[in-house]
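Data block below; observations after.
In what follows, every chain begins at residue 1, and chains take the letters A, B, ... in the order their sequences are listed. All of these numbers come straight from a predicted model, not from anything done at the bench.
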Amino acid sequence: MSTKPSLSERAALAARDGAPASEAADYLSGLNPAQREAVETTEGPVLMLAGAGTGKTRALTTRMAHILATRRAAPWQILAVTFTNKAAREMKDRIRKLIGDSVEGMQWLGTFHSISAQILRRHAEIVGLKSSFTIIDTDDQVRLCKQVIEAANLDPKRWTGRGLAAFIDDWKNRGLIPSKVPAGEAGLFGNGKGIDLYKAYQSRLITLNAADFGDLLVHCLTIFQTHPDVLKTYQDKFRYMLVDEYQDTNVAQYLWLRLLAQQNHNICCVGDDDQSIYGWRGAEVTNILNFEKDFPGAKVIRLEQNYRSTPSILAAASYLIDHNKNRLGKTLWTDVDSDEKVKLRGVWDAEEEARAITDDIESEHTKGRSLSDMAVLVRASYQMRSFEERFNMAGLAYQVVGGPRFYEREETRDALAYLRLVRNPEDDLSFARVVNKPPRGFGDTSLQKLMVAGRRMNCSMAEAGRRLLETDEIKGKAKTSLRAFLEALDRWQVEAEDKRPGELAEQVLDESNYTLYWKNHKSPQAPSKLENLKELAQAASEFDTLPAYLDHVSLVSEVNSNGSTDGKIWLMTLHAAKGLEFPVVFLPGWEEEIFPSKRSVDESGEDGLQEERRLAYVGITRAEESCRISFAANRQVFGQWKSPLPSRFIDELPEDHVDVQSEPGLYGAKAADLPAYSRFNASKVEDDTYYDNPGWKRAREATARRKAGARRTSPPQLEAKADLIASNAPGISDYKIGERVFHQKFGYGKIIGIEGNKLEIDFEMSGAKKVIDSFVEKH
DNA sequence: TTCTTCACGCTTTTT
DNA sequence: GCGTGAAGAA
């Protein structure tokens, strides 16, 4: 392969060479000493330890501009890796601002996976693939695992496809090919058949000419390890290497980097050990902790000046994270001037938590703060529901980050399966997915026959289908529809030659009756699914060739952000919030077993707990001006009532930087009825009676009764709450005409009449006037 | 073959 | 409390 610069590369180089020499100095102005050191230390291994909000991106983009401007390397000689496409795009944009369009020459700026895929396509034959291999996603991976398990005659209920996929992923994250998996781990899955299943899975992938995400890296590693000449070409090519979010690298990625850096040693890793929150998918904090050992002569540069948050927010975060062991350690400081403290609030239950936060948001909004300056960050996505309900009720616009992704939706995946099949008829996974979708009378039984036949004749299912049509093994309706399907497939393949992907997509979806299927479908989601199909064809039309489009789709999973994000409250998980910042941040649900998550602690013990703590750290440090933590005394999780204890993280905050606001309660509950919580409570109680307070006690007793087998009644907390309502709720005489109130179901309204025990209310949302005899909040 | 019903189980999520 | 997936009914 040639490493000679292409014409466009040479053009970029010429443009760079023509740039005035004085430009270089401009990059450096305005950097603090640590940032400047990070930029200018170009040779040898560098670890840039960048705490939250310390101007990491600025330092690393400037560093690259500096390398280019001082002509240490040309754009195509720099390898810059990130984890997400978004991060790669942002980095590119930031560099473009510094050096202009010659950033386009940086062809090796991308995610680990996309760069690995590029490398793998050039050397695919070494690992037994063709360079046109398909990249399969998690769903197909699980499907394939299930097939492998069934083929091995294991009980698919006991040993699930998901389970096997998790094991295989774990091995691949650690860079282990089947022959290298430690014997001890073989017994963990499928009655000792774990490694055999892994082998079978890999050989199935080779037959399908496919690779899963983990393979992209592991195959690359194999190539580097077995072909020193190939490795050498890349070592020569990459004169400077830069890795973002190094604390999130797994073992395979670490090995990949180390092999490439072996020759030039010019590797700069940027990260923060305190923000490593992806251990559950194979990230190894130890990679960053051992950097100096792994890369001898490494220089560690700490970025410690924080430009984002107030002193109290920083103090809270630092104090909390100091409870973790094995940290590299750094001392964040800030110039920001503010005496606002972190706020901590205990509330009765989740409903009230949502109400209190919504009230806060509204009052900030009234003071003139934009809704998009505020974010609610939850531990798990099921916690979002109560907020969505409350926001809807209050008529506040919100924006959920994450959620179902475009390329993971049923209809998108079906459509892509059609297109994949057109490109690669050997793709059995896609074949099985769409051969009977829409229903064509070619059901499971016939599909099984094809599968068996394919395996017997060692060919793809499509090919097996062709051969079986000559015989009588498939009869009647199944035969007719299979013939029609295969003929259509042939036709599309011919059409694909000279049609653009957008047109082709439309044609395939029409002729297969897939569009019609959703048009006739009576489910309420059908119209939006049709919308999505249109969007897909639209997206495809932006690419020149079908393979180009399919490759893009396999490695990118973002939804096109639908509409403006302005004026909408952000609602997302803590994981999704990493790398973002907001003036006001709400952190609800700080309760034991929820945050820290029970499962995390159960499964990973002390390590799990420390990762949860880092997650708390990430949450707090997202806040610029105001950080508001809350916890509830009662919470329903999956329909089950719990009376959780306040999170231990609350006790790990610095007392003098936290304002405690005991919420008096929606229904006028007394502060004394709310949880006593550790040293923040004025009337602190001693260890044994630590959580012993009237409200909690009642709730827990009721839970205990239920657990003991009492007949299911209304939730215990509601009984307790009903008492409070009875004793504290406003009487009818407390309401006045013209007052603004809030109803659980109908939202805000104004009292327009009072009669007996009933209120007549004019509701803002619906515009309807209703007579209400149930409780309404005063507002 | 396809439609319906019931049980189950359930963090976090990118590529 | 809800959506998914596998077993029965039409």
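Among the protein residues, A/Ser446 comes within range of the sugar-phosphate backbone only, with heavy atoms under 4.0 Å from sugar or phosphate atoms but none that close to a base. Nucleic acid contact for A/Ser597: base, since at least one base atom lies under 4.0 Å from a heavy atom of the residue. A/Arg379 comes within 4.0 angstrom of a base, heavy atoms only. No contact: A/Asp248 has no heavy atom under 4.0 Å from any strand. Among the heavy atoms of the strands lying under 4.0 Å from A/Glu612 is at least one base atom, whether or not backbone atoms are also near.
Relative to the six-membered ring of A/Tyr278, A/Arg281 meets both conditions, a distance below 6.0 Å and an angle of at most 45° to the axis.
Between the side chains of A/Tyr617 and A/Arg613, not a single donor N or O lies within less than 3.5 Å of an accepting N or O.
Atom-to-atom, CD1 of A/Ile277 to P of B/dT12 comes out at 13 Å; the value is rounded to the nearest Å. Atom CZ of A/Phe213 and atom P of B/dT14 are 11 Å apart (whole Å). A/Asp607 has its CG atom 21 Å from the P atom of B/dT11, to the nearest Å. Following rounding to the nearest Å, A/Leu574 (CG) and B/dT13 (C1') show an atom-to-atom distance of 13 Å. Rounded to a whole Å, the CG atom of A/Leu377 is 12 Å from the P atom of B/dT13. The interatomic distance linking A/His219 (NE2) with B/dT15 (P) rounds to 20 Å, in whole Å. As rounded to whole Å, 16 Å separates atom C1' of C/dC2 from atom CE of A/Met384. Rounded to whole angstrom, the span from the CG atom of A/Asp169 across to the P atom of B/dT13 amounts to 16 Å.
For A/Thr111, the side-chain atoms get nearest to B/dT15 when compared with the rest of B/dT11, B/dT15, C/dC2. The side chain of A/Arg599 lies closest to B/dT11 when the candidates are B/dT12, B/dT11, C/dG1. Nearest nucleotide to the A/Ala576 side chain, out of B/dT15, B/dT12, B/dT13: B/dT13. Here the nucleotide nearest the side chain of A/His113, chosen from B/dT15, B/dT13, B/dT11, is B/dT15. Here B/dT11 is the nucleotide among C/dG1, B/dT15, B/dT11 with the atom lying nearest to any side-chain atom of A/Ala380. Taking the side chain of A/Arg281 as heavy atoms from C-beta on, and the options B/dT11, C/dG1, B/dT13, the nearest nucleotide is B/dT13.
Look at A/Thr573 and you'll find a side-chain N or O under 4.0 angstrom from OP1 or OP2 of B/dT13. The phosphate of C/dA6 has OP1 or OP2 within less than 4.0 Å of a side-chain N or O from A/Lys146. For A/Asn436 and B/dT2, the shortest distance from a side-chain N or O to OP1 or OP2 is below 4.0 Å.
Qualifying ring-ring contact (aromatic ring centres under 6.0 Å, His included) partners for A/Phe167, counting only residues two or more places apart in sequence or in other chains: A/Trp171, A/Phe189. Applying the ring-ring contact (aromatic ring centres under 6.0 Å, His included) rule to A/Phe387 yields no partners; only residues at least two apart in sequence or on another chain are considered.
Heavy-atom nearest nucleotides on DNA chain B were determined for A/His575 and for A/Gly214, and the one closer to the 5' end corresponds to A/His575. Mapping A/Glu611 and A/Ser114 onto DNA chain B by nearest heavy atom places A/Glu611 at the nucleotide closer to the 5' end.
Salt bridge annotation for A/Glu611-A/Arg614: present, with a cationic side-chain nitrogen under 4.0 angstrom from a carboxylate oxygen. Between A/Asp272 and A/Lys56, none of the side-chain N atoms (NZ, or NE/NH1/NH2) sits under 4.0 Å from a carboxylate O, so this pair counts as no salt bridge. Taking the charged nitrogens against the carboxylate oxygens, A/Lys598 and A/Glu612 have no contact shorter than 4.0 Å, which rules out a salt bridge. Ion pairing of A/Asp139 with A/Arg143 is present here, as a side-chain N (NZ or NE/NH1/NH2) and a carboxylate O approach within less than 4.0 Å.
In this pair, A/Tyr278 does not lay its aromatic ring on the base of B/dT14; centres under 5.5 Å and planes under 30 degrees do not both hold.
In this structure, A/Arg121 contributes its side chain and A/Phe133 its backbone to a donor-acceptor pair below 3.5 Å.
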List, with names and distances, any nitrogen or oxygen atoms from the protein found under 3.5 Å away from nitrogen or oxygen atoms belonging to nucleotides 7-10 of chain C.
from  : atom 1 : to       : atom 2 : distance (Å)
C/dA7 : OP1    : A/Lys157 : NZ     : 3.3

